[in-house]
Amino acid sequence: ILAALATPGAEIATLSRMRALEAAGTAFYYVGNNERARGFYEAQLELAAELGDPQGVADAMFNMAWTRDWSKEPVEAERYFDRVSDAYRAVGDERGFARVLFIRGQMLLRTGQLPSGIQVLLDAFDLLLAAAAHAPDQVALRRQRAGWTYAELTRGAAAAATALVTAGLH
């Protein structure tokens, strides 16, 4: 990805470049380099705005959300998640909106707000299931189920967590 971004002409503002920046950010995110990931996501956001691509703006904002530890700034997190949610709603992306609920639920769990976090994760799961009827996204559904299972384990409900894992195997 980095080599592709470095080729002559790759600096031209295109949707392909925007998605390549996103892919590079995601690669760095998954190897634990949030600072470098955030740099690529910021470049993705700038380019999406320049191109007038509201879906790209929403996606970049969402990606950037994963590069911060929101548990240390929950008020700012809520404001940011609201902005990302609004961006996804503006383009009619219910799956994106559900993904924001997922990170919001994770933050609530990390800050000890278990009932709220569990409810937000359940809401996200319901939205993803509804969205899957139109465009299946099994990866997002599995991540959501994992988050919900974690929430159940966190609150000491091992039987509920086991049921979720078992249901996910079918």
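The model shown is predicted, which means the values in this text are computed figures rather than measured ones.
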If you group Ile, Leu, Val, Met, Phe, Trp and Tyr by side-chain heavy-atom gaps below 4.5 Å, do Phe97 and Met64 land in one group? yes
Sequence neighbours excluded, the answer for side chain to side chain contact (heavy atoms under 4.5 Å, CB included) partners of Leu5 is Ile1, Arg17, Ala20, Leu21, Ala24, Phe40
Tightest non-hydrogen contact, residues Ala13 and Leu47, listed as CB-CD1, 3.4 Å
Is the shortest heavy-atom distance from the side chain of Trp70 to the side chain of Glu78 under 4.5 Å? no
Would you say Gln106 and Arg110 make side-chain contact, with heavy atoms under 4.5 Å? yes
From Arg95 atom CZ to Leu127 atom CG, the distance as rounded to the nearest 0.5 Å: 12.5 Å
With a 4.5 Å cut-off on side-chain heavy-atom distances among I, L, V, M, F, W and Y, is there a chain of contacts connecting Trp66 to Leu101? yes
Ignoring hydrogens, what is the shortest heavy-atom contact between Ser71 and Met107? Give both atom names and the distance. N-CG, 4.1 Å
Quick one: closest heavy-atom pair of Ala124 and Ala98, and the distance? CB-O, 3.5 Å
If only atom types and distance count, is the side chain of Glu46 paired as donor or acceptor with the main-chain N or O of Gln44 below 3.5 Å? no
Does atom CD of Glu35 have more than 12 heavy-atom neighbours, drawn from other residues, nucleotides or ligands, at distances under 6.0 Å? no
Salt bridge (Lys or Arg N to Asp or Glu O under 4.0 Å), that's the test. Do Asp82 and Arg104 meet it? Break it down for me. CA-CA 10 Å; Asp82 286 346; Arg104 187 185 301 256; 3.0 Å; yes
Is it true that Asp59 and Arg19 have a side-chain N and a carboxylate O under 4.0 angstrom from each other? yes
Smallest heavy-atom separation, Ala65 atom then Phe81 atom, equals CB-CE2, 4.1 Å
Under a 4.0 Å N-O cut-off, is there an ion pair linking Glu73 with Arg68? yes
Quick check: closest heavy atoms across Val84 and Ala58, and the distance to 0.1 Å? CG1-O, 4.1 Å
Given the rule that I, L, V, M, F, W and Y join up when any side-chain heavy atoms are under 4.5 Å apart, are Val100 and Met61 in one cluster? yes
Which donor-acceptor pairs under 3.5 Å do side chains of residues 112-121 form with protein atoms, sequence neighbours excluded?
residue, atom, partner, partner atom, Å
Gln113, NE2, Thr111, OG1, 2.8
Gln119, NE2, Asp123, OD1, 2.8

For the residue pair Tyr41 and Tyr29, establish whether any side-chain heavy-atom pair is separated by less than 4.5 Å. yes
Between Ala4 and Ala10 the two heavy atoms that sit nearest each other are O-CB, 3.3 Å
Would Thr67 and Arg38 count as having a side-chain donor-acceptor pair, cut-off 3.5 Å? yes
